[in-house]
Amino acid sequence: MSAFDERLCVTCSAPTNIATIKYWGKASAELNTPINSSVSVTLHQDDLKAITTVAASRSFSKDRLWLNGKEEDVESNKRLTTVIKLVRALAGDKVDAKTGEVLVYKADWPQYHVHIASRNTFPTAAGLASSAAGYACLTFALAQLFAACETYDGELTAIARQGSGSACRSLYGGFVRWQKGERADAADSIAVQVADEAHWPELRALIFVASAAKKGTSSTSGMGTSVATSELLRHRAAALVEPRLAAIEAAYLARDFAGFGRATMVDSNQFHATCLDTYPPIFYMNDVSRALVQAVHAFNAHHGAIRAAYTFDAGPNAVVYTTASDVAQLLAVMSRAFPVPRGAPACSDAALAAEAAAEDVPEALLAAVLGAVREPRAGDVQMVYATRVGDGPRVLGAADRMLDPATGLNTYAAPPPPLPSAAASASPHGGCLCPGHFSGGLSGMLECSFMRAALLMSAAAAVGVAAAARRRL
Ligand SMILES: Nc1ncnc2c1ncn2[C@@H]1O[C@H](COP(=O)(O)OP(=O)(O)OP(=O)(O)O)[C@@H](O)[C@H]1O
Ligand SMILES: C[C@@](O)(CCOP(=O)(O)OP(=O)(O)O)CC(=O)O
């Protein structure tokens, strides 16, 4: 006897997104609406994504959730219960696509509870938009499970917004605006796609992880203090954001990197200025973040044009946008200025790392960037993700399922760190640098490009040792 009918189980994945014009501050904490509209790039799901399995059964006695293998209390998590309740309210008749059989009539859904197992393939709550990917994935997966029908366009994004504001933007690929909306019921505070993922295929992002630790001040509490105390934030929302949104959307649509990059950097700087203007002040960026900023400006100054653009969320990690023609050179200089710990892969994309290693970087550029950074220290940047623009949520197959049909319980366990020889044993921090352990089991580790890069490095090293031994013979 199984705990749930496999036809009442869905597994989905959803991407993260990184805002280029930031959401910071709530107009209504109850409805989770913003004081200003925002816009973001959806990142590709190759490296960073949330994966969520949801199953419904009459035999489940309550709604339950496992996050990254650990059970969390659902009842006490208002955002979670709100999202489940709102998607459930849109439930329709659930029909077996193959046979046409009605599996659950709309009227019967109140008799069902859900079990949810979710994991992130990257650090959770570290300022890498895990809540965005996580709540977008949950909303999307529940909508598939319940055969939910929107009563107006964008309703699912309005639901995801109530899990985490930035999550509404992860329901679309490409370049996405979250419009703040005007209505009292906030039904128009929804995400809208500005351009799809095919619009600007040359756009690239390098993510320099300065810390994968859980951040000290959550976005929710940080923005609450900012709204209460920062006059700069008030002025920004009232007068500065709208024209900047119009400018960056036009730049994105025209694939004008200089315009896009400048607006991105200016807005990131202003967001962190509002954090400093908050009382007591909030510091998300650290010395490494500031050195990354200087390095990007030195790169642009050398080229006499904006060819790389940083942005920082509520944490010290930099997301640096650039284009396909500059990404290898940018990675080459940044790897010299911010070397990852000895033994770790230079970045998640082994082919790009090899291209960067072979780059003939002009001496003057290297000197400019190294001069802008204080002494390069291995480990200030722990890892670098190389990624690009991506699509919205996807429905996955049973191979990715994380709930056991026999027991109804979570099957995912965060894998142990990789073998010391595989990657980061030489970390000065003594930590695991491969985010494979944020992913799932062996398949999760293999899907992790850091692990693939590490294995390639190990294999290359083994070939080198064998060749040297042959030479000695
Ligand atoms: N896959 C997931 N499924 C459901 N909820 C998730 C998932 N991932 C994260 N969350 C929720 O989001 C919280 C983390 O959100 P938080 O805003 O603190 O961090 P972040 O999203 O990584 O950072 P930021 O939003 O500043 O970029 C987690 O504690 C959890 O409640
Ligand atoms: C700095 C940001 O990343 C803030 C994101 O905040 P959240 O969406 O995590 O906040 P809540 O709505 O309280 O869950 C900027 C952005 O993504 O626009």
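In each ligand, atom 1 is the first atom listed, and ligand 1 is the first ligand listed. Counting from 1, the numbers follow the sequence of the chain as shown. Atoms considered below: every heavy atom in the structure, side chains included; atoms not considered: hydrogens, waters and symmetry mates.
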Parallel, tilted or perpendicular for Trp109 and Phe146, by the 30°/60° rule?
perpendicular
Is the closest side-chain donor-acceptor distance between Asp188 and Gln179 under 3.5 Å?
no
Would you call Asp326-Arg204 a salt bridge at under 4.0 Å N-O?
no
Suppose we measure from atom 22 (O) of ligand 1 to each protein heavy atom; which comes out shortest, and what is that distance?
Ser130 OG, 2.9 Å
Modelled atom types, side-chain donor and acceptor of Ser289 and Asn286, under 3.5 Å:
yes
Please determine if Asp5 and Lys94 form a salt bridge, counting it only when a charged side-chain N lies under 4.0 Å from a carboxylate O.
no
Check salt bridge (Lys or Arg N to Asp or Glu O under 4.0 Å) between Glu182 and all other residues, then give those that pass, not counting sequence neighbours.
Lys180
Give me the nearest non-hydrogen protein atom to atom 26 (O) of ligand 1 as residue plus atom name, then the distance to 0.1 Å.
Lys215 NZ, 2.3 Å
Does the side-chain hydrogen bond (donor to acceptor under 3.5 Å, both in side chains) test come out yes or no for Thr411 and Asp404, once each step is laid out?
CA-CA 6 Å; Thr411 56; Asp404 181 353; over 6 Å; no
Any N or O of Thr124 closer than 3.5 Å to N or O of ligand 1
no
What residue and heavy atom of the protein are closest to atom 30 (C) of ligand 1, and at what distance?
Leu67 CD2, 3.8 Å
Would you kindly specify which portion of Leu128 sits under 4.0 Å from ligand 1, judged on non-hydrogen atoms: side chain, backbone, both or neither?
backbone
Please write down residue, atom name and distance for the protein heavy atom closest to atom 15 (O) of ligand 1.
Ser131 CB, 3.3 Å
The atoms of ligand 1 lying under 4.0 Å from a heavy atom of Ser219, numbered in the order shown, are 24 (P), 25 (O), 26 (O)
Looking at Asp267 and Arg236, does any basic side-chain N land under 4.0 Å from a carboxylate oxygen?
yes
Please state whether the rings of Tyr252 and Phe175 are parallel, tilted or perpendicular, taking 30° and 60° as the class boundaries.
parallel
Set of residues that line ligand 2, where lining means a heavy atom lies under 4.0 Å from it:
Ala19, Lys22, Tyr23, Trp24, Lys26, Asn32, Arg79, Ser131, Ser164, Gly165, Ser166, Arg169, Ser219, Thr220, Met223, Phe271, Asp313, Ala314
Just jot down the salt bridge (Lys or Arg N to Asp or Glu O under 4.0 Å) partners of Arg377, sequence neighbours excluded, or say none.
Asp380
Atom 19 (O) of ligand 1: nearest protein contact (heavy atom, Å)
Ala125 CA, 3.2 Å
Considering only heavy atoms of Asn120, which atoms of ligand 1 have at least one such atom less than 4.0 Å away?
1 (N), 2 (C), 7 (C), 8 (N), 9 (C)
Taking only non-hydrogen atoms of Leu138, do any sit less than 4.0 angstrom from ligand 1?
no
Atom 3 (N) of ligand 1: nearest protein contact (heavy atom, Å)
Ser118 OG, 3.3 Å
Considering both backbone and side-chain atoms of Ala129, is one of its nitrogen or oxygen atoms within less than 3.5 Å of a nitrogen or oxygen in ligand 1?
yes
With a 3.5 Å cut-off and no angle check, do the side chains of Ser59 and Ser57 form a donor-acceptor pair?
yes
Scan the side chains in residues 161-168 for donor-acceptor partners under 3.5 Å anywhere in the protein, sequence neighbours excluded, and list what turns up.
from	atom 1	to	atom 2	distance (Å)
Arg161	NE	Leu31	O	3.2
Arg161	NE	Asn32	O	3.1
Arg161	NH1	Ala186	O	3.0
Arg161	NH1	Ser189	O	2.9
Arg161	NH2	Leu31	O	2.8
Gln162	NE2	Ala158	O	3.1
Ser164	OG	Ser131	OG	3.0

Within ligand 1, which atoms have a heavy atom of Ala314 less than 4.0 Å away?
26 (O)
The single option from Asn317, Val319, Leu206, Val209 passing side chain to side chain contact (heavy atoms under 4.5 Å, CB included) against Tyr385
Val209
Nearest-contact summary for atom 11 (C) of ligand 1 - protein heavy atom, Å
Tyr135 CE1, 4.0 Å
